[in-house]
Enquirer: 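I'd like to ask some things about the structure below.
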Number of protein chains: 2
Amino acid sequence: MPNERSVGSDPGSRDATSIPESIDAYLADVAAFEAGSGTPAPGDGKQRILDAAAELFLTRGYAETSIRLIADAVGIKPASIYHHFTNKDSLLTEILEIGMLAVDRAFDDAAASTPPEPADRLERHVAAHLEALFAHHAFTATHVTVFPFAPPAVRNAAVAARDDYEARWAELLGEIAPQLEPDALRIARLALFGAMNSSVQWFDPKTSSTADLASAIARTVAHGMIPTGAS
Amino acid sequence: MPNERSVGSDPGSRDATSIPESIDAYLADVAAFEAGSGTPAPGDGKQRILDAAAELFLTRGYAETSIRLIADAVGIKPASIYHHFTNKDSLLTEILEIGMLAVDRAFDDAAASTPPEPADRLERHVAAHLEALFAHHAFTATHVTVFPFAPPAVRNAAVAARDDYEARWAELLGEIAPQLEPDALRIARLALFGAMNSSVQWFDPKTSSTADLASAIARTVAHGMIPTGAS
DNA sequence: GACCCTACCGAACGTTCGTTAGGGTGGCAA
DNA sequence: TTGCCACCCTAACGAACGTTCGGTAGGGTC
């Protein structure tokens, strides 16, 4: 309920700062690209800017990444970026929205299938979050490390979607662990978020599988790392 | 056990804007360490620069915080900062060293007392880490959020001490949860770090006690958030 | 008084920043 | 053919950046 799904695939309207459509187009193009078609799609320039900027923002930081550096990475001149984005802030805003959309859809997919056991349900959602985190790594991980230092205007534009996503997790964990009090539940939720999101800084999806990571984290969170018996 | 001895005993500090921090112990150590040059360095002004810079780096980010902004916060002119620090990088380096020293000493204190139960031992160390995290908040939290985007030279200078601290935790958790395999142990350790350190972004030590936070996190990590059930 | 030292300042340096103005393509629609 | 439009360019703007330099006030030491 909290999240809005009325995206649609209508590429018609283009209101100066109308962003959701382009996000949808972006995700569609990414899916098409990953499906095998390596041909440069129309509107390719903007997405290449987004990709390069997200990667640079993530590795270097927002303020440390200049427009000129992004332009060099794409292979164009700095002024050309302003044909696709009104300013640097809007570039980061769009990246954050793409990342939020990715994890939100992953939550949808995980919620669609309903495992019986609470532990399995938790693990499925943890796996969905982590897979989205690394599948669209540059866009989702930006939420973890870059967001805290983003300009206030950018943070304010992204905070609503973030709150919605956290609310979905709060509801889920409330059902999974009904015995926990609200305070403990809130701490457990935020600690779980910290544990999962911190993995973008130390987990390499090329050496291990995200499924293994998800099961390890989910198992620890579900049953703890000390075998039952000790008080 | 927590090391907060000389908070307000001396009327030496005359300013109301500075955050009360017990960094004098650190400065004594630095003076003893650099005894070769023979410069005693009383350093009241330097201390205020460190406090203001740490707070600004933490809230705004490193690149986003200008030397002029730090100088304004302290009440001096930008050029005066270069009397105490060779450049901006060295300012961040020193802040990171102070933060690392704080958590490392907290680990020492926690290790000095040896509780019998693994769960109690874990909780004591979690509490020690979290208390250091919030007692020297601006200096320790900088390691969490600012470090990833610090200039490479600064990161390289701080990475050794960070590795040492992580190794101490790895040994501790290996003793607490000997049944876990190395891979699972590593993930559990890093996930625990992510959970604890993320609290600097959502926990307010003024509304709740860090001890409650520590027990909540430690209990979740030790026994999980799902009551004893089949996996 | 001569000398040194710490702490700070005013003024400026050269560089990089985000951003804008204006011009030139090539392709597609009429 | 003409006109438009998406796209990218060169060139430059003012502002802010980290940093340096020469200088000064004050205090301690012989």
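Keep in mind that what you see is a predicted model, and the values were worked out from it rather than measured. In what follows, chains carry the letters A, B, and so on, assigned in the order in which the sequence lines appear, proteins first and then strands, with residues in each chain numbered from 1.
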Enquirer: Tell me the interatomic distance from A:D72, atom CG, to D:dC9, atom P, rounded to whole angstroms.
Expert: 11 Å

Enquirer: To the nearest Å, how far apart are A:H84 NE2 and C:dG18 P?
Expert: 17 Å

Enquirer: Does C:dA7 have OP1 or OP2 sitting under 4.0 Å from an N or O in the side chain of B:S80?
Expert: no

Enquirer: May I have the distance from A:K46 (atom NZ) to D:dC7 (atom P), rounded to whole angstrom?
Expert: 10 Å

Enquirer: Can you tell me how far C1' of C:dA7 sits from CD of B:Q47, to the nearest Å?
Expert: 16 Å

Enquirer: Would you indicate whether the side-chain heavy atoms of A:Q201 and B:L190 approach each other to under 4.5 Å?
Expert: no

Enquirer: In whole angstrom, what separates B:I81's CD1 from C:dC8's C1'?
Expert: 12 Å

Enquirer: Grab the CG-P distance between B:D89 and D:dC17 for me, whole Å please.
Expert: 16 Å

Enquirer: If you check every side-chain atom of A:R68, which of D:dC17, C:dC9, C:dG18 has the closest atom?
Expert: C:dG18

Enquirer: Can you tell me how far C1' of C:dC17 sits from CG of A:N87, to the nearest Å?
Expert: 14 Å

Enquirer: Let's see if you can work this out: which of D:dT20, D:dT19, D:dC9 has an atom nearest to the side-chain heavy atoms of B:A79?
Expert: D:dT20

Enquirer: OP1, OP2 of C:dA7 versus side-chain N and O of B:H83: anything below 4.0 Å?
Expert: yes

Enquirer: Check the distance between D:dT20's P and B:K88's NZ and give it to me in whole angstrom.
Expert: 14 Å

Enquirer: Taking the side chain of B:K77 as its heavy atoms from C-beta onward, which of C:dG10, D:dC8, D:dG18 lies nearest to it?
Expert: C:dG10

Enquirer: Could you give all pairs that pass the salt bridge (Lys or Arg N to Asp or Glu O under 4.0 Å) test and reach residues 189-211 of chain B, with sequence neighbours left out?
Expert: B:E166-B:R189

Enquirer: Is the backbone of B:A110 close enough, under 3.5 Å, to the side chain of B:R124 for a donor and an acceptor to pair up by distance?
Expert: no

Enquirer: Given side chains that start at C-beta, do those of B:I49 and B:I76 come closer than 4.5 Å, heavy atoms only?
Expert: yes

